[in-house]
Amino acid sequence: MPELPEVETINRGMKKYLIGKVISKVEVDWFKSLAYDQKFINKHLINARIDSIDRRGKVLIISLSNNFNLLFHLKMTGQLVYKSDKERFGAGHPSDSLINKLPDKSTRIIFYFNDNSKLFFNDQRKFGWAKILDQESLKEFEYLNKLGPEPLDKDFSLKIFKARLDLRKNSKIKSVLLDQSIIAGLGNIYTDESLWMAKIHPLEVINKLSQSRIQKLYESMLEVLNLSISRGGSSDRNYIDIVGKKGTYIDFANVYKKAGMPCKRCSTNIIRIKVASRGTHICPKCQKLLK
DNA sequence: CACTTGACCTGTCCGC
DNA sequence: TGCGGACAGGTCAAGT
């Protein structure tokens, strides 16, 4: 599931609800989601307080008072949902059916806090993971070390964007945008949306793109990511935020999952093709391969 | 080096 | 209704 805007939405929600909480118990229902023995988990998580929370690419990093860190990658179907015993959502609340039914059959880990609130890690497809890393292992953590820059950082200029793309100038643009080591955080939805907005075919080789096309892509990418964050992300299937709410960006999508619908610019029907073995949505008229 | 495929998993949807 | 296949927001390893 989650790409940058969804993970960022969860990051903000977790900051709001979880800072200062002390973990009192951890239950793991699927070993691979938190692949440590229970003794290790208890030793490093129980009585630890949540000091700060951050996002890097699609990963969430929770810093604990004991100098350990709890990391999450939600992959396709991961959810992190907070449930407080005090603030029950009443009937009719959009979150009601989701939250009050937890834990459910996709719950893989439950974190209990000392005020009786809980954090559920749900993951239908079991691809996601959580990790417990001390400061040293965090610094050496391959996944994070390989990540490219954050596209929404203030320092992430057009110049840097061009330099990142130049690292793979003989490759096709969509594969490169999906490569987390080039730029961190884009996934299938936001690459398709950004490329449509910039009128670039996903199979275009980077070398062939003009400077102005690349600038347009840079601006489109930032616009799409910022809009999505402001809408709480995309709930195409099962993405929900920390309190169980869906994101509404998908209502603004121009191509993603829009095959057969008219392009908003030229009315040509959007089509679905395969790129890097991912379903890819384009307007065949607006996004033509360059000669 | 660039690119594809299969693996990791569960669930839903569509056509027959 | 049942069954098989395609497909799903991500990443990694292995093969061409």
So [X], base contact, sugar-phosphate only, or nothing? Heavy-atom distance under 4.0 Å.
{"X": "A:Ser106", "result": "nothing"}
{"X": "A:Tyr256", "result": "sugar-phosphate"}
{"X": "A:Asp236", "result": "base"}

Within this structure, what is the [atom1]-to-[atom2] distance between [X] and [N], rounded to whole angstrom?
{"X": "A:Trp129", "N": "B:dC8", "atom1": "CH2", "atom2": "C1'", "result": "15 Å"}
{"X": "A:Lys126", "N": "C:dG10", "atom1": "NZ", "atom2": "C1'", "result": "18 Å"}
{"X": "A:Leu165", "N": "B:dA2", "atom1": "CG", "atom2": "P", "result": "14 Å"}
{"X": "A:Arg125", "N": "B:dC9", "atom1": "CZ", "atom2": "P", "result": "11 Å"}
{"X": "A:Lys105", "N": "B:dT12", "atom1": "NZ", "atom2": "C1'", "result": "11 Å"}

**Request:** Could you identify which residues of residues 137-150 of chain A place a heavy atom less than 4.0 Å from some atom of DNA chain C, listed by residue number, or say none?
**Result:**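 The answer is A:Tyr143, A:Lys146.
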Taking only Lys NZ, Arg NE, NH1 and NH2, and the carboxylate oxygens of Asp or Glu, determine whether [X] and [Y] approach each other closer than 4.0 Å.
{"X": "A:Lys146", "Y": "A:Glu142", "answer": "no"}
{"X": "A:Asp54", "Y": "A:Lys15", "answer": "yes"}
{"X": "A:Glu204", "Y": "A:Arg213", "answer": "no"}
{"X": "A:Asp241", "Y": "A:Arg12", "answer": "no"}

**Message:** Rounding to an integer number of angstrom, what distance separates C:dC7 and B:dT4 when you compare their P atoms?
**Reply:**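 Looking at atom P only, C:dC7 and B:dT4 are 16 Å apart.
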**Message:** Quick check on contacts: within residues 272-281 of chain A, what sits under 4.0 Å from DNA chain B by heavy-atom distance?
**Reply:**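 Within residues 272-281 of chain A, the residues near DNA chain B are A:Ala276, A:Ser277.
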